[in-house]
Amino acid sequence: MRAVTQASVGGPDVLVIADQPDPSPKDGEVLIRVRAAGINPVDGAVRAGYYPLLGEPPFILGWDMSGTVVALGAGVGGLKIDDEVFGMPRFPKQAAAYAELAAVPADEIALKPKAADHIHAGALPLAGLTAWQGLVRHGALRSGQRVLVHAAAGGVGHLAVQIAKARGAYVIATASPNKLDFVRKLGADEVIDYTKGDFTSQVSDIDLVLEPVGGEHADRSLRVIRNGGVLVSLLNVNDATRAQASARGIRVERMSVVPDREGLVELGRLIDQNKLIVHVAKSFPLEQAGAAHAFLATRPIGKVVLTA
């Protein structure tokens, strides 16, 4: 099979296409013919050596995938050859999605939503599960609550806005000036240009904040949460912020996304109900993985995808 590999950490140019041995599914695994593999910021961090999840190179990046089942390992039930599936298997261990074939645990994937093609399904899992787990599992989001989503035009943010709206929340979103209209079209009830003053002067009485920035930004987010609310952070929250939160009865959740078949099913249901749309900024062939990583670094709206 063809796969994108790297012999060293570094910039996008370290990603090269090469022939690799075809994987075989072990017990409880399926072999997927990968049609599309989403690219996420964590991919770039691992590639560059800033976040050594996979140890020393060589390794094959990628967790998001959508494709077709071509072989079943022993003991696999509920799936069959030619099923179209998607998922974020093995995270944070190597799933090797940047390849034509991937052998992955059957219980960490789900049937692809019918309303999505492989490119859009392949763009969904990691960002979608981050948004879903952050809002629903960690944040315990309820209908009628006021939710603040930061970086609402990004991979996680644009999905979080839609998920929160689908669950009956009043959504306030922050974004840069050139992305405000996009976020409005997602259904956000209020949109804040974060370049025009401090958002803390424009919003208050928030039940739940989804916070992807961390540091001092998390501290400022705390100021707009009502007593007894929830701060869900994708990055570490310092002890001082936690102490302030505790004094006001605010729950602080530091989350890391995990494989989640149930969550995938829920995301697929929202897509098939036309309540969730994955925005793909651009797709690249597998051979252009380096260019795709460079493009992602420009912070486009939505997701970037490789096609195999």
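Everything quoted here is computed from the prediction, not taken from an experiment. Index from 1, following the sequence.
- The hydrophobic cluster containing Val136 also contains Val230, counting ILVMFWY residues as joined when their side-chain heavy atoms lie under 4.5 angstrom apart, directly or transitively.
- A donor-acceptor contact shorter than 3.5 Å is absent between the side chain of Glu253 and the backbone of Met255.
- Taking 4.5 Å as the limit, some side-chain heavy atom of His150 sits within range of a side-chain heavy atom of Ser221.
- Aromatic rings of Phe86 and His118 (six-membered ring for Trp) have centroids beyond the 6.0 Å cut-off, not under it.
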Requested in this report: Go through the steps to decide whether Arg90 and Glu29 satisfy the test salt bridge (Lys or Arg N to Asp or Glu O under 4.0 Å), and finish with yes or no.
Outcome: CA-CA 11 Å; Arg90 301 194 191 282; Glu29 295 183 349; 2.7 Å; yes

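- When each of Val9, Asn40, Leu53 is checked for a side-chain contact (heavy atoms from CB on, under 4.5 Å) with Val46, only Leu53 meets the rule.
- In the hydrophobic clustering of ILVMFWY residues, with side-chain heavy atoms under 4.5 Å counting as a link, Val304 and Val42 come out together.
- Side-chain contact check for Arg167 versus Ser143: every heavy-atom pair is 4.5 Å or farther apart.
- A continuous path of ILVMFWY side-chain contacts below 4.5 Å connects Leu296 to Leu124, so both sit in one hydrophobic cluster.
- Follow the hydrophobic side-chain contacts under 4.5 Å out from Leu286 and you never reach Val104; the two are in separate clusters.
- Proximity of a side-chain donor or acceptor of Arg35 to a complementary backbone N or O of Ile119 within less than 3.5 Å is not detected.
- In this structure, Ala151 and Pro212 approach most closely via the heavy-atom pair CB-CG, 4.0 Å.
- Note: the hydrophobic cluster containing Val213 does not contain Leu126 (ILVMFWY, side chain heavy atoms under 4.5 Å, direct or indirect links).
- Using a distance-only test at 3.5 Å, with no hydrogens or angles considered, no donor-acceptor pair links the side chain of Arg261 to the main chain of Glu108.
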Query raised in the report: Could you walk me through whether Thr174 and Asp193 pass the side chain to side chain contact (heavy atoms under 4.5 Å, CB included) check?
Result: CA-CA 6 Å; Thr174 66; Asp193 178 352; over 6 Å; no

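- Salt bridge status for Glu262 with Arg137: present, with a side-chain N to carboxylate O gap under 4.0 Å.
- Look at Asp117 and Lys112 and you find no salt bridge, because none of the NZ, NE, NH1 or NH2 atoms lies under 4.0 Å from a carboxylate O.
- Residues Leu231 and Glu211 meet the side-chain proximity criterion, which asks for heavy atoms closer than 4.5 Å.
- Classification of Asp207 and Arg142 as a salt-bridged pair fails, no side-chain N sitting under 4.0 Å from a carboxylate O.
- If you look at Phe182 and His279, their ring centroids are closer than 6.0 Å.
- Ile301 contributes atom CD1, which lies 6.0 Å from atom CG of Asn178 (distance to the nearest 0.5 angstrom).
- In this structure, Leu15 and Arg47 have side chains that are in contact, with non-hydrogen atoms separated by less than 4.5 Å.
- For the pair Pro259 and Pro89, the tightest heavy-atom approach, listed with the atom from each and the gap, is CG-C, 4.5 Å.
- Arg254 places a side-chain heavy atom less than 4.5 Å from the side chain of Ser256.
- Comment: Arg184 does not engage Glu190 in a salt bridge, judged by the lack of any side-chain N to carboxylate O separation of less than 4.0 angstrom.
- Remark: Asp64 CG to Met88 CE distance equals 8.0 Å, nearest 0.5 Å.
- Across all non-hydrogen atoms, the minimal contact from Gly87 to Pro125 is O-CG, 3.3 Å.
- Between His293 and Phe284, a ring centre-to-centre spacing not shorter than 6.0 Å is recorded.
- The minimum heavy-atom distance linking Ala164 with Leu141 is given by the pair CA-CD2, 3.8 Å.
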Requested in this report: Would you sort out whether Tyr194 and His217 count as a ring-ring contact (aromatic ring centres under 6.0 Å, His included), showing the intermediate values?
Outcome: CA-CA 11 Å; Tyr194 70 77; His217 199 267; 8.0 Å; no

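- Ion pair Asp83/Lys80 flagged as a salt bridge, since at least one NZ, NE, NH1 or NH2 atom sits closer than 4.0 Å to an Asp/Glu carboxylate oxygen.
- With rounding to the nearest 0.5 angstrom, the OG1 atom of Thr5 is 8.5 Å from the CG atom of Leu61.
- Applying the salt bridge (Lys or Arg N to Asp or Glu O under 4.0 Å) criterion to Asp198, with sequence neighbours excluded, gives Arg220.
- Within 6.0 Å of the CD atom in Glu216, the count of heavy atoms belonging to other residues, nucleotides or ligands exceeds 12.
- Between the side chains of Tyr98 and Asp43, at least one donor-acceptor pair of N or O atoms lies under 3.5 Å.
- A heavy-atom distance below 4.5 Å is found between the side chains of Val156 and Leu210.
- Minimum interatomic distance between Ile271 and Leu276 (heavy atoms only, all atoms of both residues): CG1-O, 3.4 Å.
- Separation of atoms CZ (Arg33) and CG (Leu101) is listed at 6.5 Å; rounding is to 0.5 Å.
- Atoms CG and CG, from Leu148 and Asp205 in turn, are 12.0 Å apart once rounded to the nearest 0.5 Å.
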Requested in this report: Given side chain to side chain contact (heavy atoms under 4.5 Å, CB included), test Val252 with Ser233 step by step and report yes or no.
Outcome: CA-CA 8 Å; Val252 176; Ser233 178; 5.6 Å; no

**Report entry** Evaluation steps, side chain to side chain contact (heavy atoms under 4.5 Å, CB included), between Ile32 and Ile109
**Finding:** CA-CA 10 Å; Ile32 296 175; Ile109 60 173; 4.1 Å; yes

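- Inter-residue side-chain proximity for Leu31 and Val69 is flagged as unmet; no heavy-atom pair is nearer than 4.5 Å.
- In this model, no donor atom of one side chain and acceptor atom of the other lie less than 3.5 Å apart for His138 and Gln133.
- Put simply, the side chain of Asn227 never gets that close to the backbone of Gly249: no donor and acceptor are under 3.5 Å apart.
- Arg269 and Asp272 are not joined by a salt bridge, as no carboxylate oxygen comes within less than 4.0 angstrom of a charged side-chain nitrogen.
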Query raised in the report: Would Val147 and Tyr170 satisfy side chain to side chain contact (heavy atoms under 4.5 Å, CB included), going step by step from the backbone distance to the final call?
Result: CA-CA 6 Å; Val147 175; Tyr170 183 91; over 6 Å; no

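- A salt bridge does not link Arg146 with Asp189: every distance from a Lys NZ or Arg NE/NH1/NH2 to an Asp or Glu carboxylate oxygen is 4.0 Å or more.
- A donor-acceptor pair under 3.5 Å is absent between the side-chain atoms of Trp63 and the main chain of Gln94, judged by distance alone.
- Pro177 and Thr195 make their closest contact through CG-OG1, 3.5 Å (heavy atoms, listed as atom of the first residue, atom of the second, distance).
- Rounded to the nearest 0.5 Å, atoms CD (Glu100) and CG (Asp19) are 8.5 Å apart.
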